[in-house]
Amino acid sequence: QVQLVESGGGSVQAGGSLRLSCAVFGNTNDRLGMAWFRQAPGKEREGVARMSVFRVMRYADFVEGRFTASFDNAKNTLYLEMNSLKPEDTAIYYCAADPGLVTTATMFDPNKYGYWGRGTQVTVSS
């Protein structure tokens with residue numbers, strides 16, 4: 001059983017930065033594909049960044065180079081460094097994992113992920 005625990009959310013002003021963390025517990029020796037999603041009030045959950053089982057990172061178009069995802073093998077933790085934050089980035093950010101079944105075409109389909117964290121709130125004020 002895989003458990004994901006997010007942390008690092010908070011409130012910042014526009015233009016500020018935050019770093020989110022997603023610690024992975026209970027993982028087997030198998031590599032996981034992982035992703036960051038977000039959900040704003042009244043909106044659908046959308047993909048933000050994706051790390052494949054080969055540690056290749058991909059980003060949603062709206063990221064526009066502002067966010068960087070990384071993975072620390074020693075800590076078994078996925079990070080999302082967010083810079084130049086905008087009010088429209090306000091959302092609950094979720095970490096998700098899959099055992100390698102997600103493809104590039106489905107990487108931002110939340111229905112393809114089997115494991116989810118509880119989320120961490122990010123609020124960006126103007």
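We're numbering straight along the sequence, starting at 1. Atoms considered below: every heavy atom in the structure, side chains included; atoms not considered: hydrogens, waters and symmetry mates.
Linking Ile, Leu, Val, Met, Phe, Trp and Tyr residues whenever their side-chain heavy atoms come within less than 4.5 Å places Phe62 and Val12 in a single cluster. Under the 4.5 Å side-chain heavy-atom criterion for Ile, Leu, Val, Met, Phe, Trp and Tyr, Trp36 and Tyr115 are members of the same hydrophobic cluster. Met57 and Tyr113 fall into different hydrophobic clusters, defined by Ile, Leu, Val, Met, Phe, Trp and Tyr side-chain heavy atoms under 4.5 Å apart, directly or through other members. Val122 and Tyr94 are assigned to two separate hydrophobic clusters, defined by single-linkage of ILVMFWY side chains at heavy-atom distances under 4.5 Å.
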Please walk me through it: do Ser17 and Asn83 pass side chain to side chain donor-acceptor pair (under 3.5 Å)? CA-CA 4 Å; Ser17 299; Asn83 299 310; 2.8 Å; yes
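The two residues Met82 and Leu85 make their nearest non-hydrogen contact at CB-CD2, 3.8 Å. Counting all heavy atoms, side chain and backbone alike, Ala49 lies closest to Tyr59 at CB-CD2, 3.7 Å. Across every non-hydrogen atom of Met107 and Val102, the tightest pair is CA-CG1, 3.3 Å. Counting all heavy atoms, side chain and backbone alike, Gly8 lies closest to Leu18 at O-CD2, 3.9 Å. Smallest separation of non-hydrogen atoms from Ser126 and Pro87: CB-CG, 3.9 Å.
Checked against ring-ring contact (aromatic ring centres under 6.0 Å, His included), Tyr93 has no partners two or more places apart in sequence or in another chain.
With salt bridges taken as basic N to acidic carboxylate O contacts below 4.0 Å, one links Lys86 and Glu64.
Atoms CE and CZ, from Met34 and Arg55 in turn, are 8.5 Å apart once rounded to the nearest 0.5 Å. Taken to the nearest 0.5 Å, the CG atom of Leu4 stands 9.5 Å off from the CG atom of Asn76. Taking CD1 of Ile92 as the reference point, atom CZ of Arg45 lies at 8.0 Å (rounded to 0.5 Å). Atom-to-atom distance recorded for Thr120:OG1 and Leu80:CG is 11.0 Å, nearest 0.5 angstrom. Within the model, atoms CZ of Phe71 and OH of Tyr79 stand 9.0 Å from one another, a figure rounded to the nearest 0.5 Å. Rounded to the nearest 0.5 Å, atoms CG (Leu78) and CG (Leu20) are 9.5 Å apart.
Taking the centre and axis of the six-membered ring of Phe54, the NZ or CZ atom of Arg31 falls outside the cone set by 45° and 6.0 Å. The side-chain tip of Arg50 does not point at the ring of Phe108 from less than 6.0 angstrom away and within 45° of straight on.
Enclosure of atom CD in Gln13 is not indicated, since only 12 or fewer non-hydrogen atoms of other residues, nucleotides or ligands lie within 6.0 angstrom.
Applying the disulfide bond (SG atoms under 2.5 Å apart) definition to pairs two or more places apart or across chains, none involves residues 35-82. A salt bridge (Lys or Arg N to Asp or Glu O under 4.0 Å) check over residues 111-126, counting only residues at least two apart or in different chains, returns nothing.
In this structure, the side chains of Asp89 and Arg66 come closer than 4.5 Å at one or more pairs of heavy atoms. You'll find the side chain of Val53 stays beyond 4.5 Å of the side chain of Leu32, heavy atoms only.
Side-chain rings of Phe37 and Trp116 approach one another, their centers coming within less than 6.0 Å.
Without hydrogens or angle criteria, Glu46 side chain to Arg38 main chain gives no donor-acceptor distance under 3.5 Å. Using modelled atom types, one side-chain atom of Thr90 and one backbone atom of Val124 make a donor-acceptor pair closer than 3.5 Å. A donor-acceptor distance shorter than 3.5 angstrom exists from the side chain of Thr77 to the backbone of Lys75, with no hydrogens or angles considered. Formation of a donor-acceptor pair under 3.5 Å by the Arg19 side chain with backbone atoms of Glu81 is not found in this model.
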